[in-house]
Engineer: 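If you scroll down you'll find the structure; I have some questions about it.
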Amino acid sequence: MTDRTGSRSTGADAAQAVGAEGPEELRRQIERTRSQLGDTVEELAGKMDVKGRARARAADLRDKAGAMTVQLRSTAAQAGHTVHERATQAGHRVHDRAAGTGHELERRAGRGVPVPARSVVMAAVRHPRPVLIVGAALAAVVVVSWRYPRK
């Protein structure tokens, strides 16, 4: 056997050259080396198992995608609640302004309209949709009669 310097030595000298203090120590070193070699072989086998590594990677990616999906759904739900809240507030503001405008129109109609027409104007202010429909129908009749006069 050769030691690190390259010179030949006997078996007992070789055991002492690597640090063994006797046959038991040498057996422990051999066992430790076998264990390390077994670990190294397992690592290499694991690196060579491409299919197993791909499955593990796919499982990791599925887990990450699932977590991301949960997070995105939570964020979307929170955004939906925020939008709903803001829309509700905007609707309340519009309703309040419309009510204020309606009261202002009633007040003005009550003061600035002659008494005989006051009830008609007040009805138009309180119920604008039927008045608009009747007005549109009258406008259509006027346009048609003007456009196509009788001969």
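This one's a predicted model, so the numbers in the text were calculated from it and none came from an experiment.
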Engineer: Quick check for you: to the nearest 0.5 Å, what is the distance between E104 atom CD and R97 atom CZ?
Structural biologist: 15.5 Å
Engineer: Say you draw a straight line from CZ of R93 to OG1 of T88; how long is it, rounded to the nearest 0.5 Å?
Structural biologist: 10.5 Å
Engineer: Between atom CD1 of I30 and atom CG of L37, what is the distance when rounded to the nearest 0.5 Å?
Structural biologist: 13.0 Å
Engineer: Identify, with sequence neighbours excluded, every residue that meets side chain to side chain contact (heavy atoms under 4.5 Å, CB included) alongside R62.
Structural biologist: A58, A59
Engineer: Do NZ/NE/NH1/NH2 and the carboxylate oxygens of R27 and E24 come within less than 4.0 Å?
Structural biologist: yes
Engineer: Per the side-chain contact (heavy atoms from CB on, under 4.5 Å) rule, which among T69, T75, V70 passes with R73?
Structural biologist: T69
Engineer: Would you check if H92 and H95 make a side-chain contact, meaning some heavy-atom pair closer than 4.5 Å?
Structural biologist: no
Engineer: Could you measure the distance from the CD atom of Q89 to the NE2 atom of H84? Nearest 0.5 Å is fine.
Structural biologist: 11.0 Å
Engineer: Can you tell me how far CZ of R34 sits from CG of D39, rounded to the nearest 0.5 angstrom?
Structural biologist: 14.5 Å
Engineer: Show the nearest heavy-atom pair for residues K47 and R53, with the distance to one decimal.
Structural biologist: O-NH1, 2.8 Å
Engineer: What distance do D96 atom CG and T101 atom OG1 have between them, rounded to the nearest 0.5 Å?
Structural biologist: 10.5 Å
